[in-house]
Amino acid sequence: MEEKAWFEIRRHTPEKLALARKVLEEVRAGQKVQDALRRNPLPDGGYLGKHMLVAAYRQLTDSGEWSYEAEFLARIRMKPIRTLSGVTTVTVLTKPYPCPGKCIFCPTDVRMPKSYLPDEPGARRALEHAFDPYDQVVARITALESIGHPTDKIELLILGGTWSSYRQDYQEWFVRRCFDALNGDLSSTLADAHTCNETATHRNVGLVVETRPDYVSPQELAWLRQLGVTKIQIGVQSLDDHILDLNQRGHSAEETRRAVAMLRAAGFKIVLHWMPNLLGATLESDRQDFSKLWDGLCPDEIKIYPTQLLENADLYQNWLRGEYQPYTTEQLVDLITDIKTTIPRYCRVNRIIRDIPSNNVVAGNKRTSLRQDIHKEMKQRGTRCQCIRCREVRGQKIKSSHVEMDELVYQVGATQEHFISFVTPENRLTGFLRLSLPGIDAPDTGLADLHQAAIIREVHVYGQSLQVGETSHGAAQHAGMGGQLIRRAEKVARAHGFRHLAVISAVGTREYYLNRGFETGELYLVKNL
Ligand code: SF4
C-alpha cells in the first residue's frame, strides 16, 4: 500500500543503496555532497535524499566495511536546522461536512465544518482559502514569517467536525497537501510528502486531529499512524451518562474510557475536551465530573470549554423554553479557579474557553479572557495551579546545572505512566518526557511495533522542542536534555522488563530518534533494549 511506502524507502532498495554508496565514495574522494548527488541521479530523474546517504553510511560502518568517522557523517548528514526556536502551531480546517454527532450545544453553519463559526479567527482564514489545505498552510507560514516568527518546526493542528468521519481518500489528500505546503514541493503520494519533509525547511513535529470516542478502533489507530498523526483531541464533554444523553452526545462515558485507553496503548498524546455547564449539569455536578478525569483517563492536555449558548445550536431552544440556564462569569471563574488547583503536574491546560467571538453568545459569560480572570482569583485566594502550562519556562534562560530530574509515576488503568521532567529550584519546567509502560491488561492495539514495548509518547524540551537536528554542541542552556530524558526512559523500561522501546515520532523528528539508536518499524521507531 502506498501509505506504507515511507518505511519501505527506509529499508532502501539494493539499487538505491548502490547509488548511495557511489555518492559516498565520491564524497570520500573529496567531492562536495551536492555535486556527487547531482552526478548520480535516480532513474526517475530525482536525487537521493541525504537521509539515504546517512543510512547507507551506517550500513557500511556497521558491517565493518568502512571505519566510522564522525566528521564524515557530519559532512553528509542534513544541515541542522535552528534548535533554539520553539514549535509553531499552524491550524487548518477541513471542508464543511456533516458530523455524525448531534450534540445539542454544537453550532451549525453550512459554510463551516460542524462546530465552527465563520468569524472565529482560524475558521475565517480557512474560509478565505476555500478550505484548501495547501493554501491555508502556505498563507499561515508566510504570515508568521513576515512577523519574524520561527517556522522551522511546525505542529499541524487539523480542526473541523470529526476527522475520522471524513472519507479516507479526502483525509489522505488533505494531509498530503499540508505536507506539500511545508515542503514547498508537490508530491504524488503521501509517502513521498512524508519522506520529503524529513529534511524540509518547515518540518512537521506534530500532527493533531480531533475525533469522537466512538470512532477510535484498532484499525483507526493504524490509519492515523499511517497519516503521521501524533496527537488526538477527543471530545469527552462529560463523564456522566445522563448528561451525555441529555446533550445527545451519542456515546457513553464507558466508550470514552475505552477510546482513551486505546489511544494511550498506541502511544498517542491525548488531549481531552471537557465542558462544564452542559444541559442538566450543576456547579456541584461539574466539580464531581471534573474529578473523574483523573481516574482512569488522566489526559496529557485538556481544554476546558464552558458551554456557550449560541443561536444556531439546538440548546438555544432549551434555553427559550426555560430548561437551560448558562452560568454567570462569576460562577464560572469560581468553578474553574477551584478545579484548576486539582490538576496534576503531568497535565497541560491548553485553553479555558473557546475562541468564539462574544457577539455570538446569547446569554451567560461573554468574557474571553477567563484564563486571566481565573489566575487573578487564584492569586487572591493564595492558591496555585501545578499544570504544565503554569510551570513551563517559556522564554526564560535557565542554566542546565540548575535543573534537576524529577520523576512522577502514576497508574492509568493497566498502564504505568512515568512523567520524567527537568525542573528548576523554583519549580519551573524546562523539559519532559512521557513514558508509558503498558501492563498485560492494556488494550491490544494490534500494532506490531508495540509488541512487548514501552512507549515514549512525548519528548518536549522548552526552547528546543524535540530538538530537530540537535548537534553535539547542543543549543545553549538546554544542551542534551532530550538525550538525557531518553536515556532515563530506556533505563526505566529495561528495569521493568521491556524488550523494546518504541517512540511515536512525527515525520520531521524521525531523524532525531534514528540518530539515537532507534530503527524504523512499521509505524513507530523502535529500539531494542
Ligand atoms: S461530535 Fe463534535 S463536531 Fe460533531 S456535533 Fe458533536 S460537538 Fe459538534
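Counting starts at 1 for both ligands and their atoms, following the listed order. Numbers here simply count residues along the sequence, with the first being 1.
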Next on the checklist: When you measure from the centre of the six-membered ring of Tyr116, is the NZ or CZ of Arg354 closer than 6.0 Å and no more than 45° off the axis?
Outcome noted: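 Positive - Arg354 is close enough to the ring of Tyr116 and near enough to its axis.
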
Item to check | Quiz item: cation-pi between Arg225 and Tyr524, 6.0 Å / 45° | outcome: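 Yes, cation above the ring, under 6.0 Å and within 45°.
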
Item to check | More than 12 heavy atoms of other groups within 6.0 Å of Arg321 CZ | outcome: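 More than 12 heavy atoms, drawn from other residues, nucleotides or ligands, come within 6.0 Å of this atom.
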
Item to check | CZ (Arg384) with more than 12 external heavy atoms under 6.0 Å | outcome: no

Checklist entry - Looking at Phe174, Trp173, Tyr97, which one forms a ring pair (Phe, Tyr, Trp, His ring centres under 6.0 Å) with Tyr166? => result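 Output: one option passes, namely Tyr97.
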
Checklist entry - For ligand 1, which atoms have a heavy atom of Phe105 less than 4.0 angstrom away? => result 7 (S)

Checklist entry - With a cut-off of 2.8 Å, how many protein N, O or S atoms neighbour atom 6 (Fe) of ligand 1? => result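 If we list every protein N, O or S atom nearer than 2.8 Å to atom 6 (Fe) of ligand 1, we get 1.
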
Checklist entry - Where do Phe268 and Val229 come nearest, in terms of heavy atoms and distance? => result CE2-O, 3.3 Å

